[in-house]
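Reviewing the structure listed below.
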There are 2 protein chains.
Amino acid sequence: MSPQPNKRPGRTIRSVQIAFNIIDLLQEEAGIGVTRIADELGHSKSTVHSHLRTLEERRVIVREGDGYRLGLRFLDVASHVRDQIGNFDIVQKEVDSLAEETGEIVQFGVEEYGKVSYLHKAQGEHAVETLSRVGTQQPMYSTSLGKTILAYLPPERIEEIAAAMEYEPKTANTITGPEELFAELETIREQGYGIDDEENIDGLRCVSAPVKNDETILGAISITGPSSRFTEDRLHGELADYVRSAANVIELNTKFS
Amino acid sequence: MSPQPNKRPGRTIRSVQIAFNIIDLLQEEAGIGVTRIADELGHSKSTVHSHLRTLEERRVIVREGDGYRLGLRFLDVASHVRDQIGNFDIVQKEVDSLAEETGEIVQFGVEEYGKVSYLHKAQGEHAVETLSRVGTQQPMYSTSLGKTILAYLPPERIEEIAAAMEYEPKTANTITGPEELFAELETIREQGYGIDDEENIDGLRCVSAPVKNDETILGAISITGPSSRFTEDRLHGELADYVRSAANVIELNTKFS
DNA sequence: ATATCTGTTCCCGCCTCGGGAACGTGGCTG
DNA sequence: CAGCCACGTTCCCGAGGCGGGAACAGATAT
């Protein structure tokens with residue numbers, strides 16, 4: 001883990017931190033019990049016990065066999081979150097249909113805390129496996145979604161995000177500094193779409209188009225595939241067209257909300 | 001809210017309770033700020049402030065405009081939860097295809113804390129609108145999913161759940177007591193599927209079939225529709241066949257996991 | 001300019017919460 | 001069957017975390 005960047009000062013509450021450490025742990029590994037959790041987090045069993053009781057009462061975790069797992073309540077929360085984002089169904093529909101049409105991976109992402117979070121993902125028939133998962137975050141400088149969203153954010157927010165950025169080279173092509181990034185953003189604004197040329201994962205290329213609502217950017221939609229199928233020509237040609245028209249459809253449907 | 005039934009004694013941690021009260025509040029109403037939350041929960045602003053800081057650092061909530069909403073991290077958590085349940089993709093696929101085939105509402109539910117929780121839901125073309133939502137809970141005695149799952153749980157667990165049950169009549173047909181419930185469970189075990197004849201919501205009927213793995217029940221799959229289309233004959237005939245064969249497909253695919 | 005919202009910060013004192021240790025229990029081993 | 005160990009649970013204590021009140025700071029509207 002890298003040192004967390006979003007650290008505004010202010011007081012933070014220890015018990016709540018512990019509670020979420022437990023949740024994080026159970027997210028990674030289900031079915032463990034008091035002792036194991038206590039060990040893992042470096043707390044006494046009694047402490048962990050009280051927390052588990054609390055979380056259990058809240059339906060956050062569930063006792064199953066001997067051990068705990070996260071509760072189904074999270075499914076409910078997630079569905080509320082999607083509703084709050086707004087227009088999720090339209091995004092979902094469009095992403096799904098583009099994935100089916102092209103057979104590749106199609107994703108929709110938004111900016112959160114200076115990173116890209118995937119809101120929805122669909123994979124077509126001959127899609128490559130990727131690790132990305134709905135709700136997880138990726139850096140903005142190494143993904144086409146990230147760069148595209150960034151390009152259309154308000155200038156002051158771009159500055160803010162760029163200032164907090166730590167450029168970690170993920171492949172040989174990854175953008176490594178601000179000058180390079182700003183140039184890229186300019187290019188994206190000119191051509192109206194963004195490219196990831198094996199900058200995040202070796203062998204994978206993407207194109208993204210921004211989805212805006214009245215000049216404010218909502219997110220971006222991308223299509224991902226292996227470099228073998230995603231040649232320069234196709235990237236800038238038909239594939240770019242695909243994402244731009246999908247973005248357009250979403251924009252039209254969200255206009256009057 | 002009825003008095004929470006799952007109250008095992010043991011100490012519970014106040015700060016964590018407060019944190020989840022905030023989360024619950026934001027789930028219902030996004031975009032509110034410190035003052036409003038403090039009012040609503042009856043805490044001081046400083047208290048709420050510290051909590052918001054903590055939750056923000058944890059990516060649980062996000063500041064948006066002036067106000068907070070739940071973070072996309074919940075989408076990630078939810079997807080982990082589904083994975084932990086196991087065989088979610090198979091369930092999803094089967095539920096979706098049955099919904100498309102019949103055009104009605106199809107759901108898959110499991111037992112959690114003595115209630116039914118919906119794991120997945122799909123609605124076909126001419127499906128009625130219902131309030132049920134993925135992750136939410138319903139009583140076991142008034143739904144076909146609940147009764148069907150209950151019927152196949154181990155006897156001692158049935159006792160346990162039934163003992164804690166509070167029978168609240170949702171419609172004129174709702175089961176109102178243990179004798180009636182146990183008789184119904186017996187019927188379900190005999191015929192291999194469960195019926196909800198407007199017992200939960202007026203005008204709606206359902207059929208459910210159990211999904212088992214080696215004699216232990218995993219959950220149940222149901223189909224729901226208006227009484228006008230769901231006649232006695234169809235319920236016990238083709239509709240029951242539908243859910244039973246879908247349940248069968250799921251069972252076959254989960255057998256070797 | 002004044003008033004009134006908001007979010008933030010700073011303390012203080014009570015009481016909560018984390019920890020250690022003891023207890024109860026079930027499962028495995030000899 | 002006795003013994004042991006691992007587990008979850010309970011009890012109690014003392015330190016310090018946490019909730020609250022009040023003062024401060026910005027923003028917006030009047």
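So you know, we letter chains A, B, ... as the sequences are listed, proteins then strands, and number each from 1.
- Put simply, CD1 on B/I18 is 12 Å from C1' on D/dG17, counting in whole angstrom units.
- For B/I32 and C/dC5, the CD1 to C1' distance is 17 Å, given to the nearest whole Å.
- Direction change of the helix axis from one end of the helix from C/dA1-D/dT30 to C/dG27-D/dC4 to the other is 40°, with five pairs defining each end axis (rounded to 10°).
- Considering only heavy atoms from C-beta on, A/S208 stays 4.5 Å or farther from A/K147 through its side chain.
- Here C/dG7 presents its P atom at 9 Å from CG of B/L52, a figure rounded to the nearest Å.
- For the side-chain contact (heavy atoms from CB on, under 4.5 Å) test, residues two or more places apart in sequence or in another chain that qualify with A/V77 are A/R73, A/V81, B/Q27, B/L70, B/F74.
- Partners of A/Q92 under the side chain to side chain donor-acceptor pair (under 3.5 Å) rule, at least two apart in sequence or in another chain, do not exist in this structure.
- Taking side-chain N and O atoms only, A/R63 has a distance below 4.0 Å to OP1 or OP2 of D/dT9.
- Here the side chain of B/V34 is nearest to one of C/dG7, C/dG18, C/dC17, namely C/dG7.
- When the P atom of C/dG19 is taken as reference, atom CD1 of A/I37 falls 14 Å away, rounded to whole Å.
- Take B/E29 and apply the side chain to side chain donor-acceptor pair (under 3.5 Å) test, not counting sequence neighbours, and it matches B/R36.
- Of the candidates A/I23, A/I22, A/L41, A/I22 is the only one forming a side chain to side chain contact (heavy atoms under 4.5 Å, CB included) with A/H51.
- Sequence neighbours left out, the pairs with a member in residues 12-49 of chain B that pass ring-ring contact (aromatic ring centres under 6.0 Å, His included) are A/F20-B/F20.
- Following rounding to the nearest Å, B/H43 (NE2) and C/dT16 (P) show an atom-to-atom distance of 13 Å.
- Counting to the nearest Å, the P atom of C/dG18 and the CG atom of A/D39 are 17 Å from each other.
- Dashed line: the shortest gap from a side-chain N or O of A/H49 to OP1 or OP2 of D/dC7 is not under 4.0 Å.
- Residues that satisfy the side-chain contact (heavy atoms from CB on, under 4.5 Å) test with B/V91, not counting sequence neighbours, are B/V95, B/F108, B/I250.
- Under the side chain to side chain donor-acceptor pair (under 3.5 Å) criterion, A/T54 pairs with B/T12, sequence neighbours left out.
- B/R11 contributes a side-chain N or O that forms a donor-acceptor pair with the base of C/dG18 under 3.5 Å.
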Worksheet entry | Footprint string (nucleotides 21-30 of chain D, 5' to 3'): B base within contact, S backbone only, - free, heavy atoms under 4.0 Å | B---------
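- Close to C/dG18, at under 4.0 Å from its OP1 or OP2, lies a side-chain N or O of A/H51.
- At least one side-chain nitrogen or oxygen of B/S15 sits closer than 4.0 Å to the OP1 or OP2 atom of C/dC17.
- By the side-chain contact (heavy atoms from CB on, under 4.5 Å) test, B/R157 pairs with B/E111, B/L153, B/P154, B/E160, B/I161, sequence neighbours left out.
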Discussion item. Let's go through B/H120 and B/R82 carefully: what are the C-alpha distance in whole Å and the side-chain angles of both, what is the deciding distance for side-chain contact (heavy atoms from CB on, under 4.5 Å) to 0.1 Å, and is it a yes or a no?
Written reply: CA-CA 10 Å; B/H120 185 59; B/R82 277 192 288 253; over 6 Å; no
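- Here the P atom of nucleotide C/dT6 and the OH atom of B/Y68 are 14 Å apart, to the nearest Å.
- As a whole-Å value, the separation of B/R14 CZ from D/dG19 P is 6 Å.
- Within 3.5 Å, no donor on the side chain of B/R53 pairs with an acceptor on the base of C/dG7, nor the reverse.
- Residue whose closest nucleotide on DNA chain D sits further toward the 5' end, between A/R36 and A/I13: A/R36.
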